[in-house]
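Here is how names work: the chains are called A, B, and so on, in the same order as the sequence lines, proteins then strands, and each is numbered from 1. Just so we're clear, the structure is a prediction, and the values are computed from it rather than from any experiment.
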Amino acid sequence: MRQMVSFTLKGAGYDVIEAIDGQDALGKARTKQADVVLTDLNMPNMDGIQLIRELRKLPQYKFTPMLLLTTESAGDIKTEGKAAGATGWLVKPFNPDQLLATLKKVLD
Amino acid sequence: MSVDIRQFHQVYFEECFEGLEIMESGLLDLSIGAPDAESINTIFRAAHSIKGGGGTFGFRAITDFTHVMETLLDEMRAGTRQITRQAVEILLESVDRLRGLVVATRDDTSVQQADIDDTLACLQDLLQDNFFDASPRTSTPALNAPAATGWRVHFAPHPQLFMTGNDPARLLRELFALGPCTVVCDATRLPARAAFDPEICYLAWDIDLHAPISEAAVREVFEWVDDDADIVITPLGLLPASAETAPFLAPAPAVDDPRNSDRRQLDRRLGERKERAAGGGSSIRVDIEKVDALINMIGQLVITQSMLSELSVDFSPHKLKDLHDGLVLLERNTRDLQEGIMNIRMMAISFSFNRFPRLVRDLSTKLGKEVQLKLLGETTELDKTVLEKLGDPLTHLVRNALDHGLETPAERVASGKPACGTLTLNAFHEGGTIVVEISDDGTGLNRDLILAKARERGLLDAHGHPTEAQIYQCIFAPGFSTAAIVTEVSGRGVGMDVVRRNINELGGSVDVESVAGRGALFRIRLPLTLAILDGQLVRVGHHVYIISLVTIIESLQIRADCLTSVAGQTDIYRLRTEYLPIVRLHSLFAVDPDSDDILKGLLVVVEADGRKIALLVDELLGQQQVVVKSLQTNFRQVEGISGATILGNGTVAMILDMNGLVRLCREDSDHNPLVHATPKVA
């Protein structure tokens with residue numbers, strides 16, 4: 001999944017910072033500033049919602065768009081994600097075009 | 001790089017006039033009280049396109065005005081408004097006003113603002129009125145409608161919107177992408193500068209989205225901020241009319257003298273007609289079906305082409321039949337394509353005829369005559385160029401018929417005819433030509449007076465016995481005074497000689513039939529198109545010339561006993577009871593013939609301008625359609641040549657101009673009595 005997303009984004013000319021889980025992501029976010037954060041919901045060590053909640057506490061990530069990659073059925077998760085500070089979500093499965101269109105929307 | 005949008009103005013104005021005509025005829029057909037959904041839709045769509053285009057090009061006056069009309073039509077369409085006679089009349093008036101606005105915008109002139117405001121106020125009244133009457137009924141049909149004409153979105157983000165990384169500007173941009181929007185920003189929540197927190201969202205927006213899209217599509221834009229903002233989406237059609245149209249409310253109209261307004265309207269219409277005739281000649285609007293048909297043909301041509309090229313890869317004699325079949329197919333494709341493309345330039349003659357009902361009514365009133373106009377064959381199609389140039393000669397002939405042909409009611413009754421005269425315009429196909437006839441049941445031409453006048457002026461031989469046709473052709477002679485024949489001076493504009501010249505320029509001819517006391521008929525024959533010609537190829541020496549098939553009467557071998565030479569110069573050929581001047585093409589164009597012996601050649605008898613001549617050629621080749629290339633634009637005008645074409649073998653061939661040849665021949669033989677004489681054997 002991560003490879004697919006990374007491949008698509010690099011192909012479209014974005015610089016991509018990959019992280020293996022929430023913990024890893026948070027660590028990398030402290031040293032590097034991203035323009036947008038894409039996170040899966042279910043990850044070991046720290047899940048996506050927890051990651052967003054933690055990132056929002058960092059001053060440099062206060063207004064950064066953060067998108068949750070989630071499945072359609074997870075209605076409650078969307079609400080929970082919003083409460084944690086997620087900007088929006090992308091419903092799985094999605095194709096590369098949808099991914100790029102959504103990113104373009106928040107980065108424009 | 002920016003696009004110069006002005007290049008599209010012309011097309012837009014044409015569309016406007018077309019749309020206005022659709023609206024006008026649609027409104028006239030609308031049955032009061034029993035709305036026909038499709039007619040209203042058609043009218044609405046026309047208004048909507050005019051408004052849309054106006055918006056695109058920034059023609060504010062047109063957009064604003066049409067918007068109000070559109071609102072009214074929309075209500076009619078949604079069934080929330082009864083179609084009353086009053087409403088239809090106001091809409092018809094609006095169509096007139098809008099037409100004025102479009103003309104003014106096109107010509108960059110000003111309009112009678114009072115008229116516009118007047119009509120706007122009427123529309124406005126109607127709309128206001130309805131809102132109270134119809135409001136109880138509005139909800140059901142509009143909610144059932146699949147899509148509204150637009151949506152009003154109230155978007156008031158909660159103060160913490162930024163905290164989720166959402167940006168209202170992004171959402172607005174997304175909304176703009178759906179269609180044209182008008183946005184009103186509500187900044188009332190904005191605090192004083194000291195209390196301002198940049199992390200709080202203070203602003204709210206009201207957005208009018210003018211696009212017929214689904215509500216779901218609008219909701220989708222705000223999907224991520226559903227919980228972080230107050231969002232209210234209402235269809236635009238359901239808003240109170242006053243709120244929608246308030247900016248267009250006009251001041252009370254000035255009181256106008258109705259007689260002046262009638263007069264102005266007439267002047268305006270006449271002026272407009274002139275402008276419309278003068279402008280807009282540069283583009284053509286084509287039925288999409290014609291274009292689709294062309295694309296189909298191109299597809300077939302490509303298939304044939306690939307078939308042929310495949311055949312050529314390893315060609316061997318036993319594939320000869322395939323090659324032949326392929327070429328037959330190619331020929332058919334080419335012909336279809338040619339016809340298809342010609343078809344694009346074809347327009348119904350009603351474009352030309354449509355001006356006459358009004359012209360005849362106005363002129364007959366002025367002349368104190370009663371005239372019934374009959375238009376026949378209005379759907380006959382002919383080339384756009386031909387059609388445009390036909391307008392003036394046709395107008396002149398119609399005016400003449402009204403002025404000189406038809407009598408006053410009293411005169412008509414005295415001669416035992418119905419008081420109301422009849423003027424008929426008829427168009428039809430005949431062979432490869434279009435025939436347009438203008439006939440009246442008036443007095444007819446005065447044969448004796450024309451004959452006397454023609455003899456006096458030397459146009460006809462004093463002692464000859466000219467045919468009726470030859471006599472009537474004299475009225476087309478330059479400077480032939482009609483004042484001697486008629487009581488009143490003819491209409492302004494072109495004279496009869498110019499009528500004939502115009503028609504000749506189009507490759508056509510005009511002739512006259514007349515029965516004294518019963519009426520006259522002018523028959524104009526025109527080629528279907530100026531771009532392609534059915535030609536007979538003839539050879540003179542090493543050169544090939546093309547003669548238009550429609551001018552050829554017959555071709556024959558020369559018999560020595562029919563040949564007469566006059567004054568050692570002009571050869572005359574006796575064909576049955578007629579004497580025809582022989583034109584030696586080889587001496588005219590200075591080429592070497594096969595033989596100087598005239599008996600070894602062939603004669604092609606052609607007719608033009610009501611006269612026949614015999615062309616001497618060496619050989620008759622095939623007949624084929626040729627594409628006419630102008631000689632004038634590429635070289636210069638040559639007497640006797642109307643153009644050139646490229647033959648299958650790549651050589652250039654000249655197309656002979658029969659009218660020119662006849663003229664040349666007449667100049668040559670002016671002192672030759674035989675050429676003018678008719679059935680009198682020498």
- Query: If you look only at pairs with a residue in residues 169-197 of chain B, which of them pass as a ring-ring contact (aromatic ring centres under 6.0 Å, His included), with sequence neighbours excluded?
  - Reply: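 Matches after skipping sequence neighbours: B:Phe196-B:Tyr202.
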
- Note on the structure: Residues pairing under salt bridge (charged side-chain N to carboxylate O under 4.0 Å, His left out) where one sits in residues 10-20 of chain A, two or more places apart or in two chains, turn out to be A:Arg2-A:Glu18, A:Lys10-A:Glu18

Spacing of [atom1] belonging to [X] relative to [atom2] belonging to [Y], to within rounding of 0.5 Å:
{"X": "A:Met66", "Y": "B:Thr164", "atom1": "CE", "atom2": "OG1", "answer": "10.0 Å"}
{"X": "B:Leu161", "Y": "A:Thr87", "atom1": "CG", "atom2": "OG1", "answer": "9.5 Å"}
{"X": "B:Phe162", "Y": "A:Lys62", "atom1": "CZ", "atom2": "NZ", "answer": "12.0 Å"}
{"X": "A:Trp89", "Y": "B:Glu223", "atom1": "CH2", "atom2": "CD", "answer": "5.0 Å"}
{"X": "A:Lys105", "Y": "B:Glu174", "atom1": "NZ", "atom2": "CD", "answer": "4.0 Å"}

Does [atom1] in [X] sit with more than 12 non-hydrogen atoms of other residues, nucleotides or ligands closer than 6.0 Å?
{"X": "A:Phe7", "atom1": "CZ", "result": "no"}
{"X": "B:Asp186", "atom1": "CG", "result": "yes"}
{"X": "A:Gln33", "atom1": "CD", "result": "yes"}

- Task: Identify the heavy atoms of A:Lys82 and B:Asn166 that sit nearest to each other, and give their distance.
- Result: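 Minimum heavy-atom contact is NZ-ND2, 3.6 Å.
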
- Contact origin within B:Glu199 toward chain A - heavy atom pairs under 4.5 Å: both

- Query: What part of A:Leu68 is in contact with chain B, defined as an atom under 4.5 angstrom from a non-hydrogen atom: side chain, backbone, both or neither?
  - Reply: neither

